[in-house]
Amino acid sequence: MRFAGVDLSKPKVMGVINVSPESFFKGSVKQSEEELIQTVLKMVEDGASFIDVGAKSTAPYLETQIPVEEEVRRAVWAIKTIREHVDVPISIDTTSARVAEEALKAGADIINDVSGLKGDENMAKVAKEYDVPVIVCAHKKVGDFKDPVHEVIKALEESLQIAYKHGIEKEKIAIDPAIGFLRPNWPPWYEWDSKVLANLNLLKVFGLPILVGVSRKSFIGAITGRKDPMERLAGSLAATAIAVWNGAHIIRTHDVRETVDAVKMAAFMRTFNP
Ligand SMILES: Nc1nc2c(c(=O)[nH]1)N=C(COP(=O)(O)OP(=O)(O)O)CN2
Ligand SMILES: Nc1ccc(C(=O)O)cc1
């Protein structure tokens with residue numbers, strides 16, 4: 001299996017860079033050109049196979065609205081700068097078709113849409129027109145659910161319908177269970193996220209690359225009692241190992257060096273439990 005030209009026979013790591021000061025983990029925020037370049041070079045040296053760039057936080061518990069022009073400005077600046085320094089595929093983390101298009105023109109290779117092509121009706125059109133791979137996240141309004149992973153599967157099916165209707169090929173799609181984004185009234189979201197990760201292997205039915213982002217998220221804070229995202233690295237590595245054990249192909253992380261080691265450990269042991 002491949003995604004954006006990257007071989008996924010062994011799981012790979014995607015390094016996260018945010019140029020959005022409002023992002024929930026301040027350690028991921030880069031605002032000067034020098035910081036951006038140093039960080040991206042280090043991530044690739046540490047083993048990142050992809051770089052994901054976010055120009056607006058999508059944290060469901062933060063106030064994150066900024067004008068689309070500002071998101072475009074941040075994204076284009078970051079992507080142009082990063083593109084000049086590394087060759088790995090760059091994804092643009094946005095739910096706006098306008099931002100995605102400008103980012104692609106600036107040198108991005110992949111669209112990462114946490115709304116699963118449902119947030120902006122032009123997103124699938126842009127993906128098709130520029131003929132780029134897309135990451136679709138499970139996205140839906142959640143009420144009270146007993147069976148999180150099946151809700152995730154249903155939400156992903158809807159996104160795939162949208163993609164196929166617009167002529168996006170299967171080979172160009174990766175799926176993502178959207179850890180931290182789906183927040184029902186019941187069960188509590190940290191239980192929802194844990195149930196999804198514990199049953200992630202069920203997403204293999206799609207036959208598509210599975211991308212998972214657990215890095216420093218609030219379900220880890222809730223389970224470990226670590227309120228500050230700065231304190232959540234160990235919890236993130238444990239969740240990463242579970243995700244890889246259960247079939248994740250790409251792990252999206254703020255901490256490339258540590259995550260590469262956790263991924264290697266889980267992937268190696270998994271080969272003895274086929
Ligand atoms: N495909 C995918 N994209 C994502 C995911 C994720 O799990 N999967 N998590 C995010 C949250 O992390 P980030 O550090 O970007 O937080 P922010 O939204 O506050 O910037 C943002 N983007
Ligand atoms: N964009 C997101 C940022 C953070 C979280 C989380 O902490 O669960 C979820 C989504």
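Counting starts at 1 for both ligands and their atoms, in listed order. Not measured: the values here are computed from a predicted model. Keep in mind that the numbers below use all heavy atoms, side chains included, and drop hydrogens, waters and symmetry copies. Position 1 is the first residue of the sequence; numbering continues from there.
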Side-chain donor-acceptor distances from residues 174-185 under 3.5 Å, at least two apart:
from: D176; atom 1: OD1; to: A178; atom 2: N; distance (Å): 2.7
from: R183; atom 1: NE; to: G180; atom 2: O; distance (Å): 3.0
from: R183; atom 1: NH2; to: G180; atom 2: O; distance (Å): 3.4
from: R183; atom 1: NH2; to: S218; atom 2: OG; distance (Å): 2.7

| remark: Ranked by distance from atom 8 (O) of ligand 2, the top protein heavy atom is S218 OG, 2.8 Å
| Can any side-chain N or O of S28 pair as donor or acceptor with the backbone N or O of N18 at less than 3.5 Å? | no
| message | Under 4.0 Å from a heavy atom of G180: which atoms of ligand 2 are those, numbered in the order shown and with their elements? | response | 8 (O), 9 (C)
| Do any N/O atoms on A59 end up under 3.5 angstrom from N/O atoms on ligand 2? | yes
| Between E45 and K42, is the closest basic N to carboxylate O distance under 4.0 Å? | no
| message | For a quick test of reading the model, state the closest non-hydrogen atom pair linking K118 to S159 and the distance between them. | response | CE-OG, 3.4 Å
| task | For residues V212 and A243, report the shortest heavy-atom separation together with the two atoms involved. | result | CG1-CB, 4.1 Å
| query | With a 4.0 Å heavy-atom cut-off (strictly under), which part of R183 contacts ligand 2: side chain, backbone, both or neither? | reply | side chain
| field | Residue contacts for ligand 1, heavy atom to ligand atom, distance under 4.0 Å | value | N18, S23, F24, S57, T58, A59, D93, N112, V114, I135, C137, D176, F181, L211, G213, K217, R252, H254
| Does the distance from a Lys or Arg side-chain N to an Asp or Glu carboxylate O, for E158 and K140, drop under 4.0 Å? | no
| task | Quick one: look up the protein heavy atom nearest atom 10 (C) of ligand 2 and list residue, atom name and how far away it is. | result | P60 CD, 3.4 Å
| field | Sub-3.5 Å N/O-N/O distance, R232 and ligand 2 | value | no
| query | So F50 and F3, would you call those rings parallel, tilted or perpendicular, with 30° and 60° as cut-offs? | reply | tilted
| message | The test is salt bridge (Lys or Arg N to Asp or Glu O under 4.0 Å); show your working for E69 and R73 and say whether it passes. | response | CA-CA 6 Å; E69 294 309 329; R73 192 193 62 73; over 6 Å; no
| task | Classify the side-chain pair T95/S115 by whether it contains a donor and acceptor separated by less than 3.5 Å. | result | no
| Proximal candidate to atom 5 (C) of ligand 2 [heavy atom criterion; set Y61, F25, F181] | Y61
| said: Need the ligand 2 atom indices (1-based, order shown) with element for anything under 4.0 Å from a heavy-atom of F24. | reply: 3 (C), 4 (C)
| What heavy-atom pair brings D7 and K12 nearest, and what distance separates the two atoms? | O-NZ, 2.8 Å
| request: Check W189 against ligand 2 and report side chain, backbone, both or neither, counting heavy atoms closer than 4.0 Å. | output: neither
| said: Under 3.5 Å between any N/O of K217 and any N/O of ligand 2: does that happen in this structure? | reply: no
| If every non-hydrogen atom of L156 is compared with every non-hydrogen atom of C137, which pair is closest and at what distance? | CD2-C, 3.8 Å
